[in-house]
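Residue numbers begin at 1 in each chain, while the letters A, B, ... track the order of the sequences.
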4 protein chains.
Amino acid sequence: MDMQREGKFQRILDAAIEAFAESGFHQCQVNKIARLAGVADGTIYLYFKSKEDILIRVFQERMGEFIAGVSRELSQCKTTKARLRTIVRTHFTYMEQNRSIAIVTQLELRQSEPRVRLPINLTVLDYFNLIEGVIQQGIECGEVPKIDTRIARQMIFGSLDEATTDWVMARSPRTLSSGIEPMLALFEGALRLRE
Amino acid sequence: MDMQREGKFQRILDAAIEAFAESGFHQCQVNKIARLAGVADGTIYLYFKSKEDILIRVFQERMGEFIAGVSRELSQCKTTKARLRTIVRTHFTYMEQNRSIAIVTQLELRQSEPRVRLPINLTVLDYFNLIEGVIQQGIECGEVPKIDTRIARQMIFGSLDEATTDWVMARSPRTLSSGIEPMLALFEGALRLRE
Amino acid sequence: MDMQREGKFQRILDAAIEAFAESGFHQCQVNKIARLAGVADGTIYLYFKSKEDILIRVFQERMGEFIAGVSRELSQCKTTKARLRTIVRTHFTYMEQNRSIAIVTQLELRQSEPRVRLPINLTVLDYFNLIEGVIQQGIECGEVPKIDTRIARQMIFGSLDEATTDWVMARSPRTLSSGIEPMLALFEGALRLRE
Amino acid sequence: MDMQREGKFQRILDAAIEAFAESGFHQCQVNKIARLAGVADGTIYLYFKSKEDILIRVFQERMGEFIAGVSRELSQCKTTKARLRTIVRTHFTYMEQNRSIAIVTQLELRQSEPRVRLPINLTVLDYFNLIEGVIQQGIECGEVPKIDTRIARQMIFGSLDEATTDWVMARSPRTLSSGIEPMLALFEGALRLRE
DNA sequence: AATGAATGAGCTTTCATTCAT
DNA sequence: CATGAATGAAAGCTCATTCAT
């Protein structure tokens with residue numbers, strides 16, 4: 001029974017991602033999500049507190065998975081260079097393979113309402129910590145000179161984020177993953193990585 | 001008479017920036033902007049097509065000024081290093097001194113509706129071209145090795161943008177301008193700048 | 001088995017009285033009644049046609065008992081004076097001892113929807129007949145002069161009803177039963193009761 | 001301009017009385033009131049805070065007028081008997097001539113929600129004070145023996161109220177005003193009125 | 001040009017009721 | 001009999017925009 005519940009939760013989540021990506025959060029009616037998920041309007045409110053709650057949960061669930069994935073792969077890396085490559089590659093690859101999630105992440109989730117921003121920021125923080133951890137580790141190993149990890153993280157995340165937004169909005173068919181190596185080279189230079 | 005018109009236009013624009021920064025674009029009622037600007041609701045529609053149009057014009061006007069300013073200062077710079085410093089310094093300083101504009105820029109303008117995004121992107125493009133121009137110039141002068149200017153621009157703009165968002169959302173009183181030098185160092189490394 | 005059925009019926013009825021008295025008919029959710037009664041939401045619909053039906057049955061059951069009680073006591077009375085006293089005393093005492101029922105009776109049952117009013121009015125009619133019977137009897141015995149029994153009943157019931165509403169809504173701790181004798185004196189005067 | 005405003009306010013009020021009397025408060029949609037008043041839905045909210053507010057204002061405005069009328073007529077009366085007659089006559093006549101208001105007053109306004117009850121009770125209090133004033137005056141003049149004015153008021157108001165409810169709900173064409181003299185006789189007896 | 005009263009489209013959410021188990 | 005997850009109809013109110021003055 002609990003698997004049925006979980007299944008319906010995921011179905012609504014997936015429907016919401018498609019709907020948000022297609023129409024935008026504000027445009028999209030709850031009724032559309034319900035239709036896509038194959039449930040009644042009211043059913044959504046058995047699983048989510050509100051329309052905003054769906055948006056928040058989309059991020060928490062999907063980015064949670066993504067961050068867990070990055071974290072897992074990072075633990076297998078021996079060098080800072082490998083770790084940076086993992087971050088760039090996983091970030092770009094994930095977004096490229098989940099375009100709807102990317103659209104929601106890059107556009108719809110940039111909501112200014114504190115009710116939405118706060119829980120989202122909390123989740124992003126995990127990703128920030130991951131990135132800052134890699135830099136910190138690099139410094140401790142002597143692979144990276146002493147630098148401000150917060151600012152380095154802003155550079156890394158900001159760059160990845162901006163590249164993704166560019167890709168999401170561009171009509172050009174250039175792939176996101178083609179940017180992995182050039183971006184990585186920039187990061188290595190910025191961090192003055194010693195091998 | 002035209003100056004009166006211009007004056008009222010600017011008053012509404014400034015009122016809108018305050019109102020959007022305070023309440024958020026969707027929360028903020030046109031009526032509030034009118035009150036802040038000291039005009040009637042209907043008057044706003046003599047100067048702007050719609051509420052969305054106000055948001056777009058805020059960006060076009062203020063960022064237009066900002067970009068023109070950066071452009072002007074860039075023309076005085078002799079080296080790529082100086083140009084990068086100008087970009088970072090002007091970006092951080094401007095945002096720090098215009099917090100309401102920063103809030104609107106970093107949060108409220110991230111609207112997914114194409115009607116809003118498109119004209120905004122068009123303006124941002126000028127800034128992108130400016131940044132890419134600096135990189136291109138660096139490559140031509142031999143100060144920067146041959147790299148993908150688009151990706152380098154994504155890194156530079158993304159980093160500045162992310163740092164600004166961090167500052168806007170953070171409750172910490174850390175200044176944005178304290179990040180100028182560290183950020184600049186990262187950029188120089190990334191671009192492998194030769195002096 | 002039938003006693004089990006009866007027991008559950010009564011449990012739901014009692015739960016509904018508490019719930020209606022506490023939250024008001026429209027505010028109160030069926031789900032709350034179910035919780036108070038310790039049954040599932042759906043179970044209620046095995047015993048009642050609808051939420052409105054519960055309200056109607058509350059009145060029919062509880063006021064039915066009340067009216068039967070008054071009727072029983074009246075049959076023991078020898079004089080019109082005794083009968084009037086019985087009515088006033090029983091009315092005030094019953095309401096005072098069943099505050100939740102009084103709240104539902106005086107406030108929640110004043111529903112304008114004909115679906116609710118009609119069956120309720122039908123039950124109240126029994127009480128009206130009881131009161132008019134006492135007056136008629138008084139006239140026939142010569143204790144009361146010839147008067148319009150309908151209007152006399154409106155006076156008696158209206159007075160008792162208004163006093164009860166006053167008590168239900170008043171925050172003052174004045175008891176309802178303290179009004180028995182004064183009210184009775186008014187009725188005796190109104191009916192020009194001869195002993 | 002202010003008369004136009006007042007005119008529209010009254011038009012909405014009258015429309016609401018008709019609509020509430022016809023469909024009941026909960027059944028009646030705001031949209032119906034708007035249509036009857038010949039204004040747009042939104043216009044109603046320029047004059048009233050909410051649907052509930054309309055109900056409250058109906059009572060305050062119309063009963064306010066009624067109470068003021070009774071008060072005016074009472075000041076012309078010389079004896080307690082004349083004052084009682086004025087109350088009964090005005091009450092019955094007013095209701096009879098304003099059936100829709102009577103329906104709203106006797107049925108729709110018996111709302112249990114405190115938000116509605118409280119302001120209504122406050123207005124009714126004026127009427128209660130008027131009635132209690134008449135009794136008190138009677139006692140002071142020696143026309144009425146010392147009795148509890150509150151209970152006497154409960155009797156008088158309760159009787160009038162119940163007679164009105166009876167009339168509103170009865171399909172019988174019996175007039176309310178035909179009850180004036182019999183009801184008055186009961187009141188005189190109840191108060192043991194000396195002339 | 002300026003006003004601001006009037007418009008009316010638009011949508012999330014609740015909750016009484018049902019019915020498959 | 002009992003359950004409780006699922007249903008889906010239903011409506012008050014807001015607020016961007018208009019337009020008569």
On DNA chain E, nearest-nucleotide positions of A:G42 versus B:K8: which is more 5'? B:K8
Could you check which of E:dG4, F:dC13, F:dG4 has an atom nearest any side-chain atom of D:K51? F:dC13
Side chain of D:Y45 - closest among F:dT14, E:dA16, F:dT3: F:dT14
Please determine which of A:I120, A:V104, A:L122 meets the side chain to side chain contact (heavy atoms under 4.5 Å, CB included) test together with A:F59. A:I120
CG of B:N31 versus C1' of F:dT18: gap in Å, rounded? 15 Å
Pair B:E108-A:S112, side-chain donor/acceptor within less than 3.5 Å: yes
Please tell me which of C:T43 and B:F25 maps to the more 5' nucleotide of DNA chain F, matching each residue to the nucleotide holding its nearest heavy atom. C:T43
Can you measure D:D53 atom CG to F:dG12 atom P for me and round it to whole angstrom units? 14 Å
Choose from E:dT3, E:dT17, F:dC1 the nucleotide whose nearest atom is closest to any side-chain atom of C:Y47. F:dC1
Among F:dA6, E:dT7, F:dA9, which is the nearest nucleotide to the side chain of D:L46? E:dT7
For the OG1 atom of D:T123 and the CE atom of D:M63, what is their distance to the nearest 0.5 Å? 9.0 Å
Counting only side-chain heavy atoms from C-beta out, which of F:dT17, E:dT17, F:dA2 sits nearest to C:S50? E:dT17
Please round to the nearest 0.5 Å and tell me the distance separating atom CZ of A:R57 and atom CG of A:L55. 12.0 Å
Considering only side-chain heavy atoms of A:V30, which listed nucleotide, F:dT7, F:dT17, E:dT13, is closest? E:dT13
On DNA chain F, nearest-nucleotide positions of D:Q29 versus C:V39: which is more 5'? C:V39
Rounding to a whole Å, what distance do you find between B:H26:NE2 and E:dT12:P? 12 Å
Whenever both distances are under 3.5 Å in a Watson-Crick or G-U wobble pair, mark it; put DNA chain F into dot-bracket that way, with [ ] for crossing pairs and | when the partner is on another strand. .||||||||||||||||||||
Please report the interatomic distance NE2(C:H26) to CD(D:Q111), rounded to the nearest 0.5 Å. 7.5 Å
If you round to the nearest 0.5 Å, how far is NZ of D:K51 from CD1 of D:I44? 10.5 Å
Whether the C:S23 and C:K32 side chains hold a donor-acceptor pair (N or O, under 3.5 Å, no angle test) is what I'd like checked. yes
